[in-house]
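These notes concern the structure reproduced below.
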2 protein chains.
Amino acid sequence: MTVDRSSPGSRRAPTIRDVAQRAGVSKSLVSMVLRSEPGVSPERRTAVLQAVSQLGYEPNRLARALAGNGTGAVGILINDLRNPWYVELLDGISTAFEPAGVAPLIVDSATNQRVGRSSIQILMRQRVDAIIALGTSGEEAGLTTLSARTPVVLAGTYDPASIDADVVVGDDVAGARLATEHLIALGHRRIAYLRGPELVGELREQGYREAITDAGLVDMIVADEAGAMEESGYASARRVLEAIVRPTGIVAYNDLTAIGALSAAQDLGLSCPDDVSVVGYDDTYIAGIGRLSLSSVRNGTFDIGAMAATFALERIGGFDGTGRLHRVPSSVVARRTSGPAPL
Amino acid sequence: MTVDRSSPGSRRAPTIRDVAQRAGVSKSLVSMVLRSEPGVSPERRTAVLQAVSQLGYEPNRLARALAGNGTGAVGILINDLRNPWYVELLDGISTAFEPAGVAPLIVDSATNQRVGRSSIQILMRQRVDAIIALGTSGEEAGLTTLSARTPVVLAGTYDPASIDADVVVGDDVAGARLATEHLIALGHRRIAYLRGPELVGELREQGYREAITDAGLVDMIVADEAGAMEESGYASARRVLEAIVRPTGIVAYNDLTAIGALSAAQDLGLSCPDDVSVVGYDDTYIAGIGRLSLSSVRNGTFDIGAMAATFALERIGGFDGTGRLHRVPSSVVARRTSGPAPL
DNA sequence: CTGTTAGCGCTTTCAA
DNA sequence: TTGAAAGCGCTAACAG
C-alpha cells in the first residue's frame, strides 16, 4: 500500500511526479512547463498547470538547487540590526528581488559574532546564490576569500581589501560636504566632525574638510573619532564640546552618533539648536522621531539597496564583468537640531 | 580527464566522496563519522576527520536536507524591522540556536507584504525546519494551515486562531499593571492607556484597568486606540491630551507609541515629565537613548527569544506534545519621562 | 564494524 | 515534441 500523494489533503507535499501523473505526462515535461521552456504543446501545458494548482504543488527548491540551479536565496549580511539605516536598505533590496522571485535571507553579524559564529559560513551553508554585505561588518576577510566562489555585492561600504565585488554607495564626500555647508550657511564657523569608522568615515571627513576649506575656516577643523553607535558618539561629542574653543556645529558620522551628540549637549547644559547644531547622516527613521527631529543627510538608502540587489541579480544571471561601482546622490534634510549659529 | 576535486585549491567544493577517497574509506563511513554515529573505529575516524580538514570539506546542507534531514534553518517571521523590540529578541534566539548549529533566517513581513509576497511562503520554499513568528504579523492565517506541516512557535503574541503552536510571551497583564502602579505611586490619578492591537493590546489594557481599579480610580479610565507605531501613538496621545480632563500620566502600548506620545505632548506645549508622564513598553534600546530616556516596562525580551528558540528546537527534535505556553516576568524601568504628578 | 545500494525531488542530456 | 535515464550530495537500510 503506497501513500496517496495525489489528493491535496495528504500529509506529504506533492512532488513533480504527482503532478506528472495527474496530468498524464512525464516528469520532465512538467519540469519544462514549470521553467517555461519553449516547445511544449498548449494542451499539455494547460493540463500540467491545472494539475499544479489542483495539487497546490510547490517546487522543492532544495532539490532544484541540488540539481544545480541555485537556491533562489541571497544572503544579506548586516552588521548590527540596531542601526536603523538597514531598515530602508532592506526595503530597497526586497523590492528589487521581488520580480525575480529571489528571497533575501538576513543574517545579523553582531549577534553571530557574539555567539562566536561566522555569518558568512551560515550563509554559505544555506548555499545562497549571492551575498550582499551591508555596511562594515568586520567579516571582510571572509568575504575576500568567498568572492571567488559566490558573487558578493557591497552596499554602503567600500571594498576594504580589493575584493572583486560590485559596490553601491551613497556619495559620502558630497553628502558630508552638504551637511557642513548647511551649517556654514546658518552662520556657523566652528564646526566639528565626529568621525566614523572605515573608508566611509574618511570620505565623509573629506567632504567636511572640503566644505570647511572652501569657506576659509581652515584652522577650525576638529575631527574626533566617534565610532558608529550612540555611546561612542556621546563620548566623542563630550570631548569636542568640552574643548576650550567649543564648536557651535557638529556634523556626525551617522544618525546614531548624532543622537549621542544630542545627549552629550544636553548633559552639558547646552541647548540644541540654540547653543549647538547637530546634523546626522543617513536620515533614518530615528531622525524623524518628533522628539528628536534630527537634521540629517538623506542618502538614497532605498536606492542603494535596490541597486545592490540588481547587481546581485545580474551576477547570479551570469554577468561576469569586473567589479562595478555605483554611487547614489545625497541631500540634506533640515529639521530642528540645526539652526542659526549663536551670536 | 576528470576534475580534480581532491586538492583544496580546486574550484568545485569537495564532496563526501572526495573525503572518502582521500581517507581511503567508503562514503557511508564518512557520513557516519560526520554525524558522530557510534560504531566507527578510532583510526578510521581520525583518518576521516583529517581528510575533512585537509579538504576544507563542508557538508552540503541542501543534499542533507533533501535526503530527509531538515535544513538546519529556522525561519524568523518579523512583522516590521522598524520595531526595535525585535533586535533583542533576535539576540535571544540566536544565542539559543548557536549550540544546536541552527541558523535563523529572518524575513520581514512588512516589506514583503508591500511587494505583495507571503513571508511564510518564502520561508517554506527555503524548507525551514520550523518557524518562529514574532509579534503580530498579519499573516496568522497562513500560519494556521502551516502548523500542521511545520512546527510554529509564537513569540510575543498569542495564538489568534487556536493554532497548535508553542507560545512564549511576556506577562502583559502584570507588566501593564506595574507601569500603571508606577505612575500611581508617583501621585498620578488621571492615567490614560494608549491601546495597541490584538490580544497583547487587550491584556495590557487589562493590567492597566486592574491597577486603576485597585487604586480606586475607576472612573478616570481612558483607553484610546493607538496602534503600534509612532504616528498612531502621536495621534492617539493628542486626542487624549486635548480632552477636557487631561490625564497627567500615560501608559503606552509600546515604546514606539510612547515616543509618539512624547512628541504629541511636546507639540501641545506640555513638558514631560512636569506636565505629563509617559511610560512605554518593551524597554527597547530606543527607550535608552539619552535624549529620549523613556521610562518603560522591561519585558524579558531576550528570554522570550531564547525560550522560543528552545521550543522550536524541541519541536524539530521530534517533541510532539500539545502547544505550550511560557510566560516571562516583567518589570518597570523608570527613566526621565515619568515623574511626580503635577499639583 | 564496513561497504553497497537505493532513493530524496529536481534538472538535464539524449533518444525515440 | 516527448519520455527515459542519469545524477546533484547526502542519508539510510541492508548485506558482508
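Here is how names work: the chains are called A, B, and so on, in the same order as the sequence lines, proteins then strands, and each is numbered from 1.
As rounded to whole Å, 13 Å separates atom P of C:dG9 from atom CG of A:L55. Put simply, CD1 on A:I16 is 5 Å from P on C:dC10, counting in whole angstrom units. We find that CG of A:D18 is positioned 13 Å from C1' of C:dC8, with the value rounded to whole Å. Taking atom CZ of B:R127 as the reference point, atom C1' of C:dG9 lies 9 Å away to the nearest angstrom. Remark: C1' of C:dG9 and OH of A:Y57 are 7 Å apart, rounded to the nearest angstrom. Rounded to whole Å, atom P of C:dC10 lies 10 Å from atom CD of A:E58. Atom CG in A:L34 sits about 7 Å away from atom P in C:dT11, given to the nearest Å. C:dG9 atom P lies 20 Å from atom CZ of B:R61, rounded to whole Å.
A close approach under 4.0 Å does occur between a side-chain nitrogen or oxygen of B:S31 and OP1 or OP2 of D:dT11. Distances shorter than 4.0 Å separate none of the side-chain N or O atoms of B:R17 from OP1 or OP2 on D:dC10.
Side-chain contact check for A:S31 and A:R35: at least one donor-acceptor pair (N or O, by modelled atom type) lies under 3.5 Å. Using modelled atom types, one finds no donor on one side chain facing an acceptor on the other under 3.5 Å when comparing A:Y86 with A:D80.
Taking 4.5 Å as the limit, every side-chain heavy atom of B:N60 sits out of range of all side-chain heavy atoms of B:T15. For the pair B:V107/A:I106, no side-chain contact is recorded, criterion being any heavy-atom separation below 4.5 Å from C-beta on. B:I16 has its side chain within reach of B:Y57: a pair of non-hydrogen atoms, C-beta onward, lies under 4.5 Å apart.
With axes fitted over five pairs at each extremity, the angle between the ends of the helix from C:dC1-D:dG16 to C:dA16-D:dT1 is 50° (10° resolution).
Partners of A:D108 by salt bridge (Lys or Arg N to Asp or Glu O under 4.0 Å), not counting sequence neighbours: none found.
Closest to the side chain of B:A63, out of D:dT11, D:dC10, C:dC10, is D:dC10. Closest to the A:R64 side chain, of the nucleotides D:dA12, C:dC10, C:dC8, is C:dC10.
Mapping B:L66 and B:E37 onto DNA chain D by nearest heavy atom places B:L66 closer to the 5' end of the strand.
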One character per nucleotide, please: for nucleotides 1-7 of chain D, 5' to 3', B when the base has a protein heavy atom closer than 4.0 Å, S when only the sugar-phosphate does, - otherwise. SSBB-B-
Take A:L29 and A:R44, measure what side chain to side chain contact (heavy atoms under 4.5 Å, CB included) needs, and give me the verdict at the end. CA-CA 9 Å; A:L29 198 268; A:R44 306 222 153 190; 4.2 Å; yes
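Under the 3.5 Å distance criterion, the side-chain polar atoms of A:D129 are matched with a main-chain donor or acceptor of A:G72.
Between A:E58 and B:R127 no salt bridge is recorded (no basic side-chain N to carboxylate O distance below 4.0 Å).
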